[in-house]
Amino acid sequence: MAIHNVDLDVVRRQTFGGIFKKTSLDRTLADEILSGKITMRPHPAWEFKDEVDWDANPFAQRNWKAQLHMLRWLDPIRRVALEGDEDARKFWLRTCKSWVRNNPAAESKETDSSGYYVNYAWADMVEAMRALVLTFGLPLVEDAEDSEWLTESIYEHGRWLADPKHLGHSNHALHQHQALFVVGAVLGKPEWVTLAIDRLATLFEQSYDEQGVNIEGAIGYHKNNLIWWEQAFKRLDVEGIPRPEAARRLELAYVELAHATKPDGTFELIGDTEVTTPLGLSSPEIDYVQSEGAKGQPPADLTKIYRRGYVFGRSGWGDHERDFKNETFYSLSYGKANRVHGHQDGASLTLHSNGQPWLIDAGKYAYKQDEMRDYCTSRLGHNVVHIDGRAYDKSAEVTLVRSTTSDQVDDFTFSDPGYENVEMKRRVVYCRGGDFLVVIDNVYSKEEVTARQRWHLDKETTVEDIAGGVRLEREGKSSFILWKGNMPALSTVTGSDEPFDGWMAPKWMDKLPSPVVSATQSGRRFRFITIVAAPHSRDFSVKKLDASGGRMALSVISGRYQFNLSIDDENASVTLGDEDGSTRKREGIRTSWLKVMDLCRETGVSWTAPKPVDAIFSTRYWALLKSWVSAQVDIRQARLEALSILLDLLLDAATESLGNDQGLRAAIIDLLGSDLSEDVGLNGSELGVLREPLISWPGLELRSKTYGRRILSIDSPSEIEFSDGEKAKIYSANLGGLVLPFAVGRGPSDLLSVRFHGAINRTKTTLPFFQGLTSELMEGGNHAVFQDPSLDLNNNMTLSWYLGDATINVHEFMAECVRKLQTETGATRVLLSGSSGGGFTALQVAAYLPESVALVFNPQTDVREYFRTSADVALSTCLGPAATDEERRRLDRAFSVITSFSRIETLPRVLYIQNSGDTHHVVKHRDPFQAMLADFHGEQKNRVEFVDVEWGAGHVAATSEIYAKFRASALELFAARSA
């Protein structure tokens, strides 16, 4: 027997990883094994006498058999033995000797009727796990005379692993390569070390693409592989060997797993995935989804398409005052059906919304060949179209033919060639604002077939038949599956053994009855038009559906809103309100521009309006153009000329740039007003902007359709006034290239209540938007409710902190408006309030009003420390490409309450309400604000009162009842404001 040199220092450096680390349960686990009982999760305990029977397979599970031969169940024995337990040491040595004696190296070629190995002793990956177990046990024989058997076995494992004919694939190969690396390093075999490093580098590039997605077909194994690869690369790290350049892709793997996490904190059950969480992983994105938004940073995208076959989309990340756990989440799968650990789930759709799993995957079940495992992995176990009596090609690849995503609509088309002589296409359109999906399944066959569109539901879901479909109920929440066009035959099955259907397996061997709703049609050419809705409100109905000539126009009522979805061969778009504008396209805008040009010629326009530099619209140009229009004698004629310029700019703009248009479409709406809008047939709906006109041009009266109040334009706060008997109005203040709308009212009170809003849902909200106005009207007192003017700059921007466009300090301007309103109403007290971004703004305005009281809930105190998904959009939009260095410096104070408060002499009184479960706002916003107050205003610390509340994890908003309670507390601060 050859003598092998052993480097125990390498052994000690390399002994790490999930199954090899010391735990508080080591003693308990070791005692159980020493008593003759082995438990290998997820299987039950198995009892043995004296010596382990290496041929045992008591549960008829290949996974159990493989684990037995891995020997990793022995590691608690090793750990307690190293603590000095001699009985444990003897047991470890005796058991390993038994294994070596009874299992000489041999090919595991013999298989059973299902194709699985009969003997797993030297199966790929099994031998690699065992090699590490044996190697890390070397310190137990450090002073023993009889140790050659162990080093010789480790050497035999190394030689076996180095032989290319024994290599497995995917994660099996990963375990083999890192085991070869460890054995080579411990035994001083540099050729093995080099071979292992080269193999790891090659395998990694095959396993992870440039988006950080693993090649295996299960989200659960994406997590496992991430952990295993991090461990493998750490093995290089501790030996001072650099990681391969491509290893950076692992950083993106964390982001993918965050996208794959549902709002309930668990992974979607794609492929061989059980109910599990990202527990044990950490990155800004993983921390965010695990904490329900309390820690970390959300991923940058609401919808992410991964080329390896996954689409994950959601309504939001819980950062805009909709609880993270109540957001809508959906997933779509595509790619090859025979991926490692993958299922036949091409184009399958899952849905989770309002805290409920509405459309689910049947699960993994177990690695055993039986009816339930076949069901879970086949087409029957997924939300797809199944063709009766036809075998599905296990090698088929479902392709994503086309896709578009936006803040309003996601649109995907898949092609599925899995059934012979049958062509299937699935189109899925998600309307984010309405929380509903449209699924269009087209079936084309050379001969008549029967197709079943299947929808798997959770075991706790009840199904109620309603006109045109089914209503789903779960824990007091509702969702709907509705069919339009040719109505299919509907059926529901739960827990049937013959035929085998209606089952789910969320965990290992956990076979549970669950409903499956099927819609059935027959023919050669037909389609299913299906609407799946899980609205935030329980109310949902289809108002209208027209489908002809390759176009579909759908109008639905979701909650209080009507959404009009227009679908043609290449595009899907949505509008809010009446369906008349839902089919207007770019040509409609061009037609309106031609009408404007005709009107310009008819009225004899002089064409003297200023033109934008380099034909680029900006707020600076809009300020110049507005000023020019106002200075003309014939305002209508001037507006027409200005309109011709702006519509021309709009038609030249790239479609993808229209979200951040720097206020171009808002400017067009303001020029149109209510009169020209009718003349040229153009309004906000056709322009894709939910906004009313806000400029009352000279000689024209303007009134808000939403609020019914008269709108008055002003250039200065000094113009604010109430005439005798006047109770309420809307002002729109000219801020150069922006318009600041605010609703004001007068009542019999000495209090002026001023409100600011946080993030808003742009798919549902028409500007102007005055959050809290209804409550103020119920109070009947003096009020002012401001809307953020910056929202006009970018239709995709939901939160912008009233930053403006760097040409004017909006916070200071609003403070001046409040002072003038205080004078006009005779109010002696001013209460500024807001939540989140509105709380930030209340504090910023309060910095200019030291006699005021600010009531703020979970506010940001520095925009730059907020989640990048919102902050980056707002900062880049509001600064704009043309901002000068001076303007950037001017806006610096607007970014930070901390900076603002550090520069003022007298603090306003502040009641600062903070949800302690919102860790991000505690650590990134409240704590730095408190530290600044201690550094700059220690003598005034009593003027800011901090109240911690327990509202649960994440950025949870205050209810109206909670707001009223703390409003009363804030008003009590006025009694002490002279302190």
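As the structure is a computational prediction, the values presented were derived from the model and not from experiment.
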Could you check whether [X] pairs with [Y] (Lys NZ or Arg NE/NH1/NH2 to Asp/Glu carboxylate O, under 4.0 Å)?
| X | Y | value |
| --- | --- | --- |
| E127 | R130 | no |
| R249 | D209 | no |
| E256 | R308 | no |
| K22 | E83 | yes |
| R454 | D501 | yes |

Checking [X] now: which residues fulfil side chain to side chain contact (heavy atoms under 4.5 Å, CB included) with it, not counting sequence neighbours?
| X | answer |
| --- | --- |
| S98 | E51, W54, R101, N102 |
| A45 | K37, T39 |
| R199 | P164, L167, H177, L180, L195 |
| A131 | H157, L161, A179, V183 |

When the ring centroid of [X] is compared with that of [Y], is the distance short of 6.0 Å?
| X | Y | answer |
| --- | --- | --- |
| W229 | F204 | yes |
| Y310 | H222 | yes |
| Y155 | W160 | no |
| H43 | W508 | yes |

Can you sort out the partners of [X] under side-chain hydrogen bond (donor to acceptor under 3.5 Å, both in side chains), two or more places apart, ordered by chain and number?
| X | result |
| --- | --- |
| D163 | none |
| D31 | R27 |
| D272 | H341, H343, R373 |

A side-chain contact here means heavy atoms from C-beta on lying under 4.5 Å apart; do [X] and [Y] qualify?
| X | Y | answer |
| --- | --- | --- |
| I241 | F181 | yes |
| I360 | T350 | no |
| L400 | F412 | yes |
| K21 | F16 | no |
| V10 | E239 | yes |
| Y392 | S378 | no |
| P139 | L82 | yes |

Salt bridge (Lys or Arg N to Asp or Glu O under 4.0 Å) with [X]: which residues, sequence neighbours excluded?
| X | value |
| --- | --- |
| K459 | none |
| R390 | E447 |
| D50 | none |

Between [X] and [Y] (side chain of the first, backbone of the second, donor and acceptor by atom type, cut-off under 3.5 Å), is there such a pair?
| X | Y | value |
| --- | --- | --- |
| N57 | Q61 | yes |
| R235 | A232 | no |
| R89 | L140 | yes |
| T261 | G265 | no |

Could you tell me if [Y] and [X] have a donor-acceptor pair between their side chains, going purely by distance under 3.5 Å?
| X | Y | value |
| --- | --- | --- |
| H382 | D361 | yes |
| N171 | E216 | yes |
| T266 | T277 | no |
| D301 | T303 | no |

Where is the tightest heavy-atom contact between [X] and [Y], given as atom of each residue plus distance?
| X | Y | result |
| --- | --- | --- |
| A362 | Y375 | CB-CE2, 4.3 Å |
| I305 | Q211 | O-NE2, 3.1 Å |
| A30 | I77 | O-CD1, 3.6 Å |
| E268 | T273 | O-CG2, 3.8 Å |

Checklist entry - For H352, what residues pass the ring-ring contact (aromatic ring centres under 6.0 Å, His included) criterion, not counting sequence neighbours? => result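 Applying ring-ring contact (aromatic ring centres under 6.0 Å, His included) to H352 gives none.
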Next on the checklist: If the condition is ring-ring contact (aromatic ring centres under 6.0 Å, His included), which residues does Y330 pass it with, not counting sequence neighbours?
Outcome noted: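 Y330 satisfies ring-ring contact (aromatic ring centres under 6.0 Å, His included) with Y430 only.
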Item to check | N338/S395 under side-chain hydrogen bond (donor to acceptor under 3.5 Å, both in side chains): CA gap, chis, key distance, verdict | outcome: CA-CA 6 Å; N338 60 358; S395 65; 5.4 Å; no
Checklist entry - Between D26 and R79, does a salt bridge (charged side-chain N to carboxylate O under 4.0 Å, His left out) hold up when you go through it step by step? => result CA-CA 7 Å; D26 283 352; R79 296 196 289 271; 2.9 Å; yes
Item to check | Value rounded to 0.5 Å, distance of NE2 in H4 from CD in E156 | outcome: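 Going from the NE2 atom of H4 to the CD atom of E156 covers 9.0 Å.
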Next on the checklist: Nearest 0.5 Å, please: how far is NE2 in H69 from OH in Y120?
Outcome noted: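 Answer rounded to 0.5 Å: 10.5 Å.
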Checklist entry - Of L138, L132, V186, V6, which meets side chain to side chain contact (heavy atoms under 4.5 Å, CB included) against I154? => result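 Answer to the side chain to side chain contact (heavy atoms under 4.5 Å, CB included) test with I154 among L138, L132, V186, V6: L138.
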